[in-house]
*Asks:* 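Once you've had a glance at the structure underneath, I'll fire off some questions.
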Amino acid sequence: MGAAWRDHGTTVEWAVLVLPALSVLAYFWRRRTRSRIAAVAEVGLVAGSLPWAVMLFTPQPATRSIELVPLHDLPSWNVAQVGGNLLVLAAFGFFLPVRVAAVASLPRILACAVLASSGIEVLQWVLAIGRVTSVDDVLMNTAGAVVAAMASRPWWARVPVREIG
């Protein structure tokens, strides 16, 4: 965990400070309640996802590798790695159904998260930035998005499709 904090601690600190501040600003910037919620969701999507993108695409001094066997890497992971993988798409899962009504169901969020996480892993492989491309990462990233979506369900489950947009 020390190496992860040393390499990305500043990114995490900025995300923790900037996300709430930008969300409050976005909320008060808009006049209508629905627009306010949409503005907060937009800020949350960007500010909650950007720090993870920075971390995931920072080159590492290693050769790229690929692990296609499900649940093969998990036993060797530490708490920081599990927590980090769960948080990668958490903002995506939390805010996307609040902002985009067409995605506001758990199966659709699951599908979007699988596609997003798979895209991240493919990009890491194609860019050859010294990252491990792993099916376990896709599983953990997706699980984090779905759990976060369940946490935000009170904000998106009651919203009619025609109100957002």
*Asks:* OG/S134 to CG/L139 distance, rounded to the nearest 0.5 angstrom?
*Replies:*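 Spacing of OG (S134) from CG (L139) equals 8.0 Å.
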*Asks:* Hey, is the main chain of V54 close enough, under 3.5 Å, to the side chain of T58 for a donor-acceptor pair?
*Replies:*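 A pair under 3.5 Å: yes.
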*Asks:* A113 and A145: which non-hydrogen atoms are nearest, and at how many Å?
*Replies:*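 Looks like CB-CB, 3.6 Å.
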*Asks:* Could you go through L106 and M150, starting from their C-alpha distance and side-chain angles, then the distance that decides it, and tell me whether this counts as side-chain contact (heavy atoms from CB on, under 4.5 Å)?
*Replies:* CA-CA 8 Å; L106 288 178; M150 289 188 300; 3.8 Å; yes
*Asks:* Shared ILVMFWY cluster between V69 and V122, side chains joined below 4.5 angstrom?
*Replies:*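 No: no chain of side-chain contacts under 4.5 Å links V69 to V122.
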*Asks:* Rounded at 0.5 Å granularity, tell me how far CD in E121 sits from CD1 in I66.
*Replies:*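 Rounded to the nearest 0.5 Å, the CD-CD1 separation comes out at 9.0 Å.
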*Asks:* How many angstroms lie between atom OG of S118 and atom CG of N141, to the nearest 0.5 angstrom?
*Replies:*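 The OG atom of S118 sits 9.0 Å away from the CG atom of N141.
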*Asks:* Starting at OG1 of T63, measure out to CZ of R131 and round the result to the nearest 0.5 Å.
*Replies:*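 Rounded to the nearest 0.5 Å, the OG1-CZ separation comes out at 13.5 Å.
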*Asks:* Give a yes or no answer on whether the side chain of S152 reaches the backbone of F94 with a donor-acceptor pair at less than 3.5 Å.
*Replies:*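 Yes, S152 side chain to F94 backbone: donor-acceptor pair under 3.5 Å.
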*Asks:* Which pair of non-hydrogen atoms, one from P51 and one from A47, has the smallest distance, and what is that distance?
*Replies:*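 Nearest heavy atoms, P51 then A47: CD-O, 3.1 Å.
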*Asks:* Quick one: does V103's side chain get under 4.5 Å of I109's, heavy atoms only?
*Replies:*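 Side-chain contact under 4.5 Å: yes.
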*Asks:* Return the minimal non-hydrogen interatomic distance between T142 and L110, and the atom names on each side.
*Replies:*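 Heavy atoms only, the tightest pair is CG2-CD1, 3.5 Å.
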*Asks:* In a check of side-chain contact (heavy atoms from CB on, under 4.5 Å) between V98 and each of V40, L45, I37, which one passes?
*Replies:*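 For V98, the side-chain contact (heavy atoms from CB on, under 4.5 Å) test succeeds with only one of V40, L45, I37, which is I37.
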*Asks:* Would V46 end up clustered with F95 when hydrophobic side chains under 4.5 Å apart are linked, directly or stepwise?
*Replies:*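 No, because V46 and F95 fall into different hydrophobic clusters, even though each may have its own neighbours under 4.5 Å.
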*Asks:* Could you tell me which non-hydrogen atom of A41 sits nearest to which non-hydrogen atom of R99, and how far apart they are?
*Replies:*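 Looks like CB-CB, 3.7 Å.
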*Asks:* In terms of hydrophobic clustering (I, L, V, M, F, W, Y; side-chain heavy atoms under 4.5 Å; direct or indirect links), are V100 and W155 co-clustered?
*Replies:*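 Yes; W155 is reachable from V100 via cluster members.
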*Asks:* Is a donor on one side and an acceptor on the other found under 3.5 Å between the side chain of W52 and the backbone of A90?
*Replies:*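 Flag not set: sc W52 to bb A90 has no pair under 3.5 Å.
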*Asks:* Sequence neighbours left out, what passes side-chain contact (heavy atoms from CB on, under 4.5 Å) with I120? Give chain and number order.
*Replies:*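 I120 satisfies side-chain contact (heavy atoms from CB on, under 4.5 Å) with L56, F57, V88, L89, Q124 only.
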*Asks:* Report whether L87 and V147 are members of the same hydrophobic cluster (ILVMFWY, side-chain heavy atoms less than 4.5 Å apart, transitive linking).
*Replies:*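 Yes, it is one cluster - the side chains of L87 and V147 are joined through contacts under 4.5 Å.
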*Asks:* When you measure from the centre of the six-membered ring of W125, is the NZ or CZ of R64 under 6.0 Å away and within 45° of the axis?
*Replies:*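 That pair qualifies as a cation-pi contact.
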*Asks:* Are M140 and L71 connected in a single hydrophobic cluster, I mean Ile/Leu/Val/Met/Phe/Trp/Tyr linked by side-chain heavy atoms less than 4.5 Å apart?
*Replies:*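 Linked within one cluster.
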*Asks:* For the backbone of H72 and the side chain of D136, can you confirm whether one donor and one acceptor N or O come within less than 3.5 Å of each other?
*Replies:*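 The answer is yes, because a donor-acceptor pair under 3.5 Å joins these two groups.
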*Asks:* So do F92 and C112 actually touch side chain to side chain, heavy atoms under 4.5 Å?
*Replies:*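 Yes. Closest side-chain heavy atoms under 4.5 Å.
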